[in-house]
Undergrad: 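Sharing a structure, written as structure tokens. Questions coming.
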Amino acid sequence: MVELLAPAGNIESLEAAIGEGADAVYLGLRSFNARMRTTNFAWNQFEAAVESLHKKQKKVYVTVNTVCEERETERLYRFLSYLNEIGPDGLIVQDYAIMRMAQEFFPKLELHASTQMNVESSNAVRLLQGCGVKRMVLARELGLEEIKKIKSETGAELEVFVHGALCVSESGLCLFSSFLGGKSANRGMCTQACRRFYTAEVPGGVRQGYYFSPCDLQLIDKIPDLIEAGVDSFKIEGRMKSAEYVGSVVSAYRYVIDHYKEDKKGAIAAGKRMLASDFARSKTSYWYGFKSLEDGMNNAASAILNPDQAGGTGIYLGKIAATKAAPKELVAAITETMNEDVPAEQRHIQMALLKGGSYDPDPGDSIRLHKKDDTGRVSHKVHSVEVEDNGNRWIDIPGGFSLGDEVYLLQIKADSKRYNRVLPNDLGRYRKQPKDERLPILDLTPVANKELSYFPEGIYAQVSSVQDVFAVQGLKPVRVILEYNSETSYDLLNHKTVLPFSKKQLFISLDPFCSAAQEDKLKEELDRLIADGYINFVANNIAHLQMLKGTKTNVIAGPYLYTFNRWAVSWLENQNVGAFIMPYENSRRNLEATYEQNVRSRVLVPVFAYPALFRMRFKLPSDYDFTYFEDKEDSVFKVNSTADGSFVMPEEPFAITDKTDFITSSGFKRLLVDFSKTKVSRSQIKAITTSMLKGQPLPGVSRFNWKDGFYSPQQMEEYRLSNERAAERKAAAGRKGSGKPSGRPSGKPGKKRR
């Protein structure tokens, strides 16, 4: 029997999901999950939920689907130990560290490969099956025929997203939010920068739009086909959505699953009527329905992108035309139900008058507010409506919004229901929490004599074209990494060019997206290349590890096989990977913590790159006739649409070339200058070389997360408190030195700390 799997971002959504017939729910706790901005469950709530749902013969899956830094591994170990004690039905995971820890310490934990793990092929599935992973949550960029292929070739338990928000980027490969401010999608902190309003340079002027804001997925009419294809679990996205949304979507898919055999057409029509109140975004079936891979690459963009839909969200209700204070009792009633994580600014509830829309919201309707400068979006349920004698209608909204901000309708009250409680009234007996356990020491494999002869010290240069293999000779690289794409593959396979480097001096870097439609061709081509004498490869997808297994090749884990901690590194070591390229998002501090001195010769550190901020599995529409675009902060980006997909990159590169002496003195003596997706120029090579030799920073570059690391709310709060304490000590010392009495200082007040 197929499983209907629903999101539970909070207790109300959990009750709605179960009340409408979900077979299972997935939820997160307040750490290590990819929806850190939602409510999530407290320890006692989670323990009670597992017990209560098991009594109802329902299942609970826990999202542990983010990457973990080295300093967090002990906390991760304690968290897994706690989950092992509570006994959920499965863990949805991204980080290889969790697989490594579970194999050694918690073999009873059932693991599901998250969509963030970028699983979209039979080869990837086979590798994970061999490592004990029970279920695969397939990437959302797959079509029906690809899903059928994976099921028939592996027999694996498959979970497929069928409804909800889409990422424009290929699953697990987005660096955009992280590049802009350290808020990594791989850490559950995505700011959805892709959905912002952009200005593009087009022939004859400029054009504006929400160019990369995708529609929402809706596959309700594909359910019968997916059941016949052997999909085991249908997943609804929406841990940040309201309980009303969860309830209505679950009821619609439940009805189709239960009734399509008796009346396929009628069941689908009824299901669509149940979804009629979902106004979040226009809907798409994305990669379903294309006749071939080429058809999908050429036309998927028009199915998913809608640049003219403002913000991509809901029915337009108008702009805020006026605001006033909300009644105190209303403020108290609303804030009492708010989660403790809601920012203080939003707790200042106010009343707003909307103008310009065609629908008047009622109490119980769910709305979404967009700031006019596109810096913030917040969902809110309307509690009160005041109607004046002149017909003006005032609704309550969260604080932080003002005149000119736009408001959209997400869900109407008509779908609001009261559901039976799932958790018991008294949670007092549920007291289990992670214990103060010590993580056993893990030592990475020491480097054996001559083991890394294929991986010498020095500069490595990566390029995307055969022409640029010649251009980078000015860097005097010890090795060249050539990206394997539709152009370079033709040249290599057909011996079109005599390269200035031997095959032993060349690494072939494989694309991080390896789909079911492409894997057989890629495997055949890899076998030809190996037979032709190419022995060095950079793997960026776990499918590559499976394809290269048993071959006499040297495999480096690329930056998309995320190694943010030594447990992830150890798991890859067990897959016969001997060297590692540092992920572009990583920081100096975490790099050094992950690799001790005796294993740093295994690591290649990028010091220059235009990292792909997000990658799309399609060519852009013909009317996207621009290369450069910018956001409202004047940050400039460029987009490259090719036969292999589309790529958005920063105009300013990531560069730490001036830090190379420090990096090499720390034991990392292999440095990567990455020109992927760009054209190599002599002037650029000269500037990079000078920067490395003289230790001078390049102008107009980004440090990415190298210095500050990932954004952390806890760390930011620690910094704030530390700065305040330092300021207080300085002020106290100043008062003591001047002899002035303590108290309110004279003169102008200082700037307000933000």
Side-chain angles (χ1 to χ4, degrees), residues 3-29 33-41 49 58-63 65 92 112 114-116 137 140 159-168 171 185 188 190 192 195 213-220 223 233-257 271-272 274-286 311-314 339 365-368 377-381 408-412 415-417 419 422:
E3 174 186 88
L4 181 57
L5 176 58
N10 53 42
I11 293 173
E12 292 76 20
S13 294
L14 170 66
E15 293 169 347
I18 299 303
E20 295 293 351
D23 302 299
V25 297
Y26 64 101
L27 53 83
L29 282 83
N33 86 86
R35 286 292 182 269
M36 292 301 293
R37 294 187 295 128
T38 193
T39 304
N40 294 312
F41 280 68
K58 305 287 187 179
K59 292 186 176 181
V60 185
Y61 305 125
V62 181
T63 55
N65 54 343
I92 305 170
H112 298 181
S114 168
T115 188
Q116 287 292 108
V137 188
R140 280 169 276 197
E159 181 176 305
V160 172
F161 279 92
V162 294
H163 196 94
L166 284 169
C167 293
V168 72
S171 295
C190 180
Q192 297 188 333
R195 295 193 185 275
S213 181
C215 301
D216 279 0
L217 185 66
Q218 180 173 295
L219 297 180
I220 196 161
I223 291 299
S233 180
F234 295 135
K235 188 171 198 170
I236 297 166
E237 184 277 336
R239 279 194 289 141
M240 297 180 67
K241 299 289 181 65
S242 67
E244 290 80 11
Y245 172 90
V246 172
S248 65
V249 176
V250 169
S251 65
Y253 282 85
R254 178 81 275 161
Y255 188 86
V256 173
I257 291 170
K272 286 185 174 180
M274 295 178 191
L275 295 172
S277 62
D278 172 16
F279 304 116
R281 296 184 182 95
S282 54
K283 302 301 184 283
T284 179
S285 58
Y286 196 14
T313 302
N339 182 264
D365 289 353
S366 294
I367 62 174
R368 193 162 194 181
R377 304 174 187 178
V378 172
S379 298
H380 177 75
K381 182 186 289 186
Y408 298 84
L409 178 68
L410 295 181
Q411 190 91 16
I412 59 174
D415 289 323
S416 298
K417 294 182 181 179
Y419 297 100
V422 172

Undergrad: Step by step, work out the side chain to side chain contact (heavy atoms under 4.5 Å, CB included) result for Val422 and Ile11.
TA: CA-CA 8 Å; Val422 172; Ile11 293 173; over 6 Å; no

Undergrad: Take Ile236 and Val246 through the side chain to side chain contact (heavy atoms under 4.5 Å, CB included) test and state the conclusion after the steps.
TA: CA-CA 8 Å; Ile236 297 166; Val246 172; over 6 Å; no

Undergrad: Atom CG of Leu27 and atom OG1 of Thr63: how far apart are they, to the nearest 0.5 Å?
TA: 6.5 Å

Undergrad: Just verifying a value: how many Å separate Leu4 CG and Tyr255 OH, rounded to the nearest 0.5 Å?
TA: 15.5 Å

Undergrad: Can you name the residues that form a ring pair (Phe, Tyr, Trp, His ring centres under 6.0 Å) with Tyr286, not counting sequence neighbours?
TA: none

Undergrad: If you count heavy atoms of other groups shown closer than 6.0 angstrom to NZ of Lys59, is the number above 12?
TA: no

Undergrad: Please give me the minimum heavy-atom distance between Leu275 and Val249, naming the atom from each residue.
TA: CD2-CA, 3.8 Å

Undergrad: Nearest 0.5 Å please: distance from the OG1 atom of Thr284 over to the CG atom of Leu166.
TA: 7.0 Å

Undergrad: Nearest heavy-atom pair of Gly238 and Tyr26: which atoms, and what distance?
TA: N-OH, 3.7 Å

Undergrad: Of all heavy-atom pairs between Ala165 and Arg195, which one has the smallest distance, and what is that distance?
TA: CB-NH2, 4.2 Å

Undergrad: What's the spacing between Ile257 CD1 and Phe234 CZ if we round to 0.5 Å?
TA: 5.5 Å

Undergrad: Apply side chain to side chain contact (heavy atoms under 4.5 Å, CB included) to residues Glu20 and Arg254 and explain how you reach the verdict.
TA: CA-CA 8 Å; Glu20 295 293 351; Arg254 178 81 275 161; over 6 Å; no

Undergrad: In Å and rounded to the nearest 0.5 Å, what is the CD to NE2 distance from Glu237 to His163?
TA: 9.0 Å

Undergrad: Distance check, rounded to the nearest 0.5 Å: Arg140 atom CZ versus Cys167 atom SG?
TA: 4.5 Å

Undergrad: Minimum heavy-atom separation for Val256 and Gly271, please, with both atom names.
TA: CG2-CA, 4.1 Å

Undergrad: Which heavy-atom pair separates Pro214 from Arg281 by the least distance, and what is that distance?
TA: O-CD, 3.6 Å

Undergrad: Given side chains that start at C-beta, do those of Ile18 and Tyr419 come closer than 4.5 Å, heavy atoms only?
TA: no

Undergrad: If only side-chain N and O atoms count, and only distance matters, is there a donor-acceptor pair under 3.5 Å linking Tyr61 with His112?
TA: no

Undergrad: For the residue pair Ser366 and Ser242, what are the closest heavy atoms and their distance?
TA: OG-OG, 3.9 Å

Undergrad: Tell me, with the steps shown, if Ile220 and Met274 meet side chain to side chain contact (heavy atoms under 4.5 Å, CB included).
TA: CA-CA 11 Å; Ile220 196 161; Met274 295 178 191; over 6 Å; no

Undergrad: Can you tell whether the side chains of Lys381 and Glu244 come within less than 4.0 Å, N to carboxylate O?
TA: yes

